[in-house]
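Along the sequence shown, the residues carry numbers beginning at 1. Worth knowing before you read on, the calculation uses all heavy atoms, side chains too, and leaves out hydrogens, waters and symmetry mates.
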Amino acid sequence: MEEASVLESKDGTISVASAFPGHQEAVQDRDHEFLSKAVEEAYKGVDCGHGGPFGAVVVRNHEIIASCHNMVLNNTDPTAHAEVTAIREACKKLKKIELSDCEIYASCEPCPMCFGAIHLSRIKRLVYGAKAEAAIAIGFDDFIADALRGTGHYQKANLEIKRADGNGAVIAEQVFEKTKEKFRMY
């Protein structure tokens, strides 16, 4: 078996390319095709008035399982981001909560909530187009990402975060111990 080569791009990302001829080009063509579909969804969502300019496509075995755009305004749901909506649709269509045989293509770098949904669904690969700064530049609020990175403050949200203490914390923790034999995630 031939060795794989490691490629580093100008932005510092690293990818591993197979040694057989044409593999890298085929992957790039496929990525471009599905990322273009995600971008089309972003335009569609804005044109319909459904939400911000974000689109996502979930793919399995080179086939689109779900193609969605941001639905925040349409659904009156702040969690209806394109990636979350696409994951929800793919899970319903495939009748499972674990998408480890799928990839997701997002028009923009996922926010922390969307990245969490991608992680929890066990999607094996994420390809995104625009960096988060492109969305921030037109007014999308990235304070959560900044706070997680340790560079920002919760100054735009009047949010108090407190862990319950006393009996409240105890009974909340007990639910995990008391249900571990009845519930299996995977």
Side-chain angles (χ1 to χ4, degrees), residues 9-13 15 24-149 151-152 154-159:
S9 69
K10 290 179 185 175
D11 68 357
T13 59
S15 63
Q24 186 66 22
E25 292 81 14
V27 169
Q28 286 175 341
D29 289 348
R30 187 188 77 213
D31 287 352
H32 179 74
E33 174 189 349
F34 293 128
L35 188 56
S36 294
K37 295 286 187 191
V39 171
E40 286 175 25
E41 279 289 340
Y43 281 113
K44 181 179 168 183
V46 171
D47 290 344
C48 296
H50 289 172
F54 303 96
V57 176
V58 175
V59 175
R60 183 174 75 167
N61 298 327
H62 310 288
E63 178 187 345
I64 294 176
I65 303 301
S67 182
C68 298
H69 52 262
N70 182 290
M71 299 287 288
V72 168
L73 299 176
N74 186 71
N75 295 1
T76 320
D77 178 358
T79 69
H81 291 196
E83 298 91 334
V84 172
T85 304
I87 290 168
R88 288 173 181 162
E89 189 173 307
C91 288
K92 282 181 187 175
K93 187 173 183 180
L94 298 174
K95 295 179 174 43
K96 60 183 192 172
I97 62 168
E98 183 269 322
L99 302 173
S100 63
D101 57 349
C102 296
E103 301 171 299
I104 191 165
Y105 293 83
S107 63
C108 187
E109 181 179 2
C111 73
M113 177 186 70
C114 292
F115 184 78
I118 292 165
H119 171 74
L120 290 172
S121 68
R122 307 292 193 253
I123 287 176
K124 68 179 176 179
R125 185 167 183 258
L126 160 66
V127 177
Y128 68 88
K131 288 188 166 209
E133 286 76 13
I136 295 165
I138 66 165
F140 283 90
D141 191 348
D142 197 46
F143 75 92
I144 295 172
D146 286 342
L148 292 173
R149 292 180 192 131
T151 58
Y154 289 107
Q155 61 199 127
K156 292 184 183 174
N158 187 15
L159 172 66

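- Between the SG atom of Cys102 and the CD1 atom of Ile118 there is a distance of 12.0 Å, given to the nearest 0.5 Å.
- Under a cut-off of 6.0 angstrom, the local environment of NZ in Lys124 is crowded, with over 12 non-hydrogen atoms contributed by other residues, nucleotides or ligands.
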In sequence, state the C-alpha distance, the side-chain angles, and the governing distance for Ser121 and Ile104, and then conclude on side-chain contact (heavy atoms from CB on, under 4.5 Å). CA-CA 11 Å; Ser121 68; Ile104 191 165; over 6 Å; no
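- The structure places OG1 of Thr85 at 8.5 Å from NE2 of His69, a figure rounded to the nearest 0.5 Å.
- Between atom NZ of residue Lys131 and atom CD of residue Glu109 there is a gap of 7.0 Å, rounded to the nearest 0.5 Å.
- At least one donor-acceptor pair closer than 3.5 Å links the side chain of His81 to the backbone N or O of Pro78.
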Does the pair Glu33 and Val59 meet the rule for a side-chain contact (heavy atoms from CB on, under 4.5 Å), with working shown? CA-CA 11 Å; Glu33 174 189 349; Val59 175; over 6 Å; no
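- Taking all atoms of both residues into account, the shortest heavy-atom contact from Pro53 to Phe140 is CD-CZ, 3.6 Å.
- Taking both residues in full, the closest heavy atoms of Ala66 and Ala90 are given as CB-N, 3.8 Å, listed atom of the first, atom of the second, then distance.
- Summarising the geometry of Ala106 relative to Leu126, their closest heavy-atom pair is CB-CD1, 4.5 Å, with the distance given to 0.1 Å.
- Of all heavy-atom pairs between Cys114 and Glu83, the closest is SG-OE1, 3.2 Å.
- Closest heavy-atom contact between Ala117 and Val84: CB-CG2, 4.0 Å.
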Take Arg122 and Leu99 through the side-chain contact (heavy atoms from CB on, under 4.5 Å) test and state the conclusion after the steps. CA-CA 5 Å; Arg122 307 292 193 253; Leu99 302 173; 6.0 Å; no
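- Taking CD1 from Ile65 and CG from Asp101, the interatomic distance works out to 8.0 Å, rounded to the nearest 0.5 Å.
- Between Arg125 atom CZ and Glu103 atom CD the span is 5.0 Å, to the nearest 0.5 Å.
- In this pair, Tyr105 and Phe34 present their aromatic rings tilted. The plane angle is within the 30 to 60° band.
- Glu89 and Cys68 get closest at one heavy-atom pair: OE1-SG, 3.3 Å.
- Judged purely by atom type and a 3.5 angstrom limit, Asn70 uses its side chain to pair as donor or acceptor with the backbone of Val72.
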Pair Ile123, Ile87 - check side-chain contact (heavy atoms from CB on, under 4.5 Å), show working. CA-CA 9 Å; Ile123 287 176; Ile87 290 168; 3.9 Å; yes
